[in-house]
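Letters go in sequence order (proteins before strands), and every chain restarts at 1. What you see is a predicted model, and the numbers here were worked out from it, not measured in a lab.
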2 protein chains.
Amino acid sequence: MDDLQPPGRLVTLTDVARAAGVGESTVSRVLRNHGSYSKRAGERVAEAVARLGYVPNRLAGSLAGQGASARLVGVVIPSLANVVFPDLLRGLTAALDAEGVPCVIGVSDYDPDREEALVAALLSWRPAALLLTGLEHNPGTVVLARAGGVRVVEMIDTDGEGIDAVVGFSNRAVGAASARHLVGRGYRRIAYLGHDLGVDLRAGKRLAGFEAALAEAGLALHGHEIRPGPSSPASGRAGLEALLARHPDLDAVYFSNDDMALGGYFACLAAGLAVPGRLALFGFNGLDFAAAMPQPLSTVRTPRLEIGRQAAACLMGDGPKKIDLGFTLIEGATA
Amino acid sequence: MDDLQPPGRLVTLTDVARAAGVGESTVSRVLRNHGSYSKRAGERVAEAVARLGYVPNRLAGSLAGQGASARLVGVVIPSLANVVFPDLLRGLTAALDAEGVPCVIGVSDYDPDREEALVAALLSWRPAALLLTGLEHNPGTVVLARAGGVRVVEMIDTDGEGIDAVVGFSNRAVGAASARHLVGRGYRRIAYLGHDLGVDLRAGKRLAGFEAALAEAGLALHGHEIRPGPSSPASGRAGLEALLARHPDLDAVYFSNDDMALGGYFACLAAGLAVPGRLALFGFNGLDFAAAMPQPLSTVRTPRLEIGRQAAACLMGDGPKKIDLGFTLIEGATA
DNA sequence: TCGCCTTTTGGCAGCGCTGCCAATCCAGTT
DNA sequence: AACTGGATTGGCAGCGCTGCCAAAAGGCGA
């Protein structure tokens, strides 16, 4: 594939300098608009850049520059299959693109070892900052991140201690608020329906908060179904059918997220179960479709874009170490 | 933020060489497992690397290496809000992470000028390859991409000429197949409900293919609703309500994608319209939820992950210049 | 033990850029 | 015209690494 472009050397700053009849430093100053230079020099450089089609080499620039760190941000997320993470990236890139800082991303597939490998790989690009998801990491990941000499921001989860800065919300609190809502509405035989907790630690924290709040009300989970694999409407639908077969007397279900809840809603529609009359449904995330349902889904809206934005802001300025952006309980009409 | 890490210099390859009592070149050879070195040298280097916590500096490595191009891939996508693009990234990162090549991403927000700026920014990192979305770009973008001396792959759309390699499917053909399906089922008063076509050119191509196939059958669109803004279930629901108010006699609706179709389905549920008895619905994309609906959505499944994977493969080897991965029409039960 | 060939090794230039410094220029003063 | 201070400029070292090359170290049969 490399023999396709034998154009020899790409245009360098030295070429521009020669073409513009000025020194290299002048070109550098003009291009970065840093230091002082005459109007004339600016024009000649601009002209030469345009004529030669010069594209700066940031590898060289970053290497030579102060601190030798690149204007890049390394991001490790567990998955791209769950809307939450693209939303996070969306907030992030919106804020970073404005600064002209691109993200280098790695997807860990919820595997801590892959995460560690990705952190090492990303650090080798000497990013200006590193963004991780959640607070649970391999010890090696933490050592690497600390030794990397970069700002580290952990996103989404605030239930625990971070390496450096943390931006997110409390998943435990979300679970507790959800439980209190259901209990307050009079539901008593409440089941949990989720996807694999072994990998999604934050779903586990929500469940823990949920059960704790249930316990405060003198209740316990009335049924429990954990589906292998990632969350999806299909999994939610199959899961609810399984759950109802085992516990026909359920009156409410707390889902690990809205995707699962949508599947549950579909199951109810298909089975002709009145929602919430016969069965109440409660989700998590507050995705777009939740509000468009015939009966808006009862759920908790999480500030996903805002987490991304604040995380980006956190990289730039020196904000507080822990930012809890909270969440919003959406009453909806399904619970 | 930078005064937080005054740890002085990070560990360099020279430090490792000194600590291991070997030359720099030997360390380099060991680390890249390139060239020959003794077992003893390998062990001493490995020990020193572990002891010092050395993380290579790829900025320097790439700068010094052959062709001075980085083991990075630049990706420009129009949005992260539409599942399609995260899915694309998913296929991509799955294939690239295996090779240890991270993606540097930029989000253009469907703006050709932003796309051009992002291409320039990404090229300045001297990526090994550049991945763009769609075939329509600013002339400047094309010039840049060509001059960058990198392999360029355009994803998703095969209806037109690419800069270098193209991986995707024909949106026109998707539209035509969808129309033929609806016509074959006996629907005659068919409307189109979509989001902003000005930005989503591929949706426009589908619609063009759809109308062309309709014309072949002697039909024309019976109603037409374009919603401003991005696609979403909420937009689909509101759109269908508006459409039905204007054309109460519709018997089928072709949606710009499944998200819009889901909103349409919700609108039918809410209004008590039988699907497909009273109104048939047809989507596009074949998202997860489509199969979990009480009546599986009639739609077209696109090979999003596979496009990402093939695009990655395309960067490595020298595959064909144009790969059409086709699509699958899913009959479903809504049309 | 010696010569010959292969494996292993270290030195060093240089990738393209930035930061520092000293040189130059220029306008305003004296 | 000489002088002064700030604005502008170019030269050059060096960022951390790789590729090249020549030197050193082994291996082995004679």
Side-chain angles (χ1 to χ4, degrees), chain A residues 2 8-45 48-49 52-72 123-128 148-149, chain B residues 2 8-45 48-49 52-72 123-128 148-149:
Chain A
D2 285 326
R9 249 171 54 278
L10 261 53
V11 181
T12 70
L13 181 141
T14 309
D15 298 328
V16 175
R18 196 165 15 239
V22 301
E24 300 177 32
S25 339
T26 300
V27 177
S28 177
R29 277 186 290 256
V30 171
L31 289 177
R32 288 175 303 143
N33 193 30
H34 176 272
S36 68
Y37 55 87
S38 63
K39 195 175 163 190
R40 201 180 102 93
E43 286 162 358
R44 300 187 62 157
V45 169
V49 164
L52 302 181
Y54 171 67
V55 176
N57 183 335
R58 286 188 190 279
L59 296 173
S62 303
L63 184 62
Q66 293 284 50
S69 103
R71 295 261 297 168
L72 281 177
L123 282 177
S124 74
W125 292 104
R126 296 291 185 268
Chain B
D2 286 324
R9 249 170 54 276
L10 261 54
V11 183
T12 70
L13 180 141
T14 309
D15 298 328
V16 174
R18 195 165 15 239
V22 300
E24 301 176 33
S25 339
T26 301
V27 177
S28 176
R29 277 185 291 256
V30 171
L31 290 176
R32 288 176 301 144
N33 192 31
H34 177 273
S36 68
Y37 54 89
S38 62
K39 195 176 162 190
R40 202 181 102 91
E43 286 162 358
R44 300 187 62 157
V45 169
V49 164
L52 301 181
Y54 171 67
V55 176
N57 184 335
R58 285 187 190 279
L59 296 174
S62 304
L63 184 62
Q66 293 284 49
S69 104
R71 295 261 297 166
L72 281 176
L123 282 176
S124 74
W125 293 105
R126 296 291 185 267

* Does any N or O in the side chain of Arg58(A) come within less than 3.5 Å of the main-chain N or O of Trp125(B), such that one atom is a donor and the other an acceptor? -> no
* Side chains of Arg126(A) and Val55(B): closer than 4.5 Å at any heavy-atom pair? -> yes
* Nearest-angstrom distance from the residue atom CZ of Arg44(B) to C1' of dG10(C) -> 14 Å
* Structure fact -> Heavy-atom closest pair (Arg71(A) atom, Ser62(A) atom, distance to 0.1 Å) is N-OG, 4.4 Å
All N/O pairs under 3.5 Å across the protein-nucleotides 25-28 of chain C interface:
none

* Rounding to a whole Å, what distance do you find between Arg58(A):CZ and dC17(C):P? -> 11 Å
* Asked: For Ala17(B), which contact category applies under a 4.0 Å heavy-atom criterion: base, sugar-phosphate, or nothing?
  -> nothing
For nucleotides 18-21 of chain D, give me every protein contact, N/O to N/O, under 3.5 Å, one pair per line with atom names.
from, atom 1, to, atom 2, distance (Å)
dT18(D), OP1, Arg32(B), NE, 3.3
dT18(D), OP2, Ser28(B), OG, 2.6
dG19(D), OP2, Arg32(B), NH1, 2.8
dG19(D), OP2, Arg32(B), NH2, 3.4

* Starting from C1' on dC17(C), measure out to CG on Asn57(B) and report it in whole angstrom. => 14 Å
* To do: Please figure out whether Leu63(A) or Tyr37(B) has its closest DNA chain C nucleotide nearer the 5' end.
  => Tyr37(B)
* **Any side-chain heavy-atom pair of Asn57(B) and Thr12(B) under 4.5 Å** => no
* To do: Return the value, rounded to whole Å, for the distance between atom CG of Asn33(B) and atom C1' of dT8(C).
  => 15 Å
* Is there a side-chain contact (heavy atoms from CB on, under 4.5 Å) between Glu24(A) and Ser28(A) once you walk through the steps? -> CA-CA 6 Å; Glu24(A) 300 177 32; Ser28(A) 177; over 6 Å; no
* To do: First locate atom CG of Leu123(A), then atom CG of Leu10(B), and finally report the distance between them rounded to the nearest 0.5 Å.
  => 9.0 Å
* Spacing between Arg40(A) atom CZ and dA7(D) atom C1', to the nearest angstrom -> 15 Å
* Residue pair Tyr37(A) / Val22(A), side-chain heavy-atom distance below 4.5 Å -> no
* **N/O (side chain, Ser38(B)) to phosphate O (OP1/OP2, dT8(C)) under 4.0 Å** => no
* **Spacing of Arg126(A) atom CZ relative to dC17(C) atom C1', expressed in whole Å** => 17 Å
* Asked: Taking NZ from Lys39(A) and C1' from dA7(D), how many angstroms apart are they, rounded to a whole number?
  -> 16 Å
* Asked: Looking across every strand, which nucleic acid part, if any, lies under 4.0 Å from Ser36(A) by heavy atom: base, sugar-phosphate, or nothing?
  -> base
* Structure fact -> Looking only at heavy atoms, the pair that brings Leu52(A) and Val11(A) closest together is O-CG2, 3.4 Å
* To do: Send over the distance from Leu10(B) CG to dG16(D) P, rounded to a whole Å.
  => 9 Å
* Is there side-chain contact between Val27(B) and Tyr54(B), with at least one heavy-atom pair below 4.5 Å? -> no
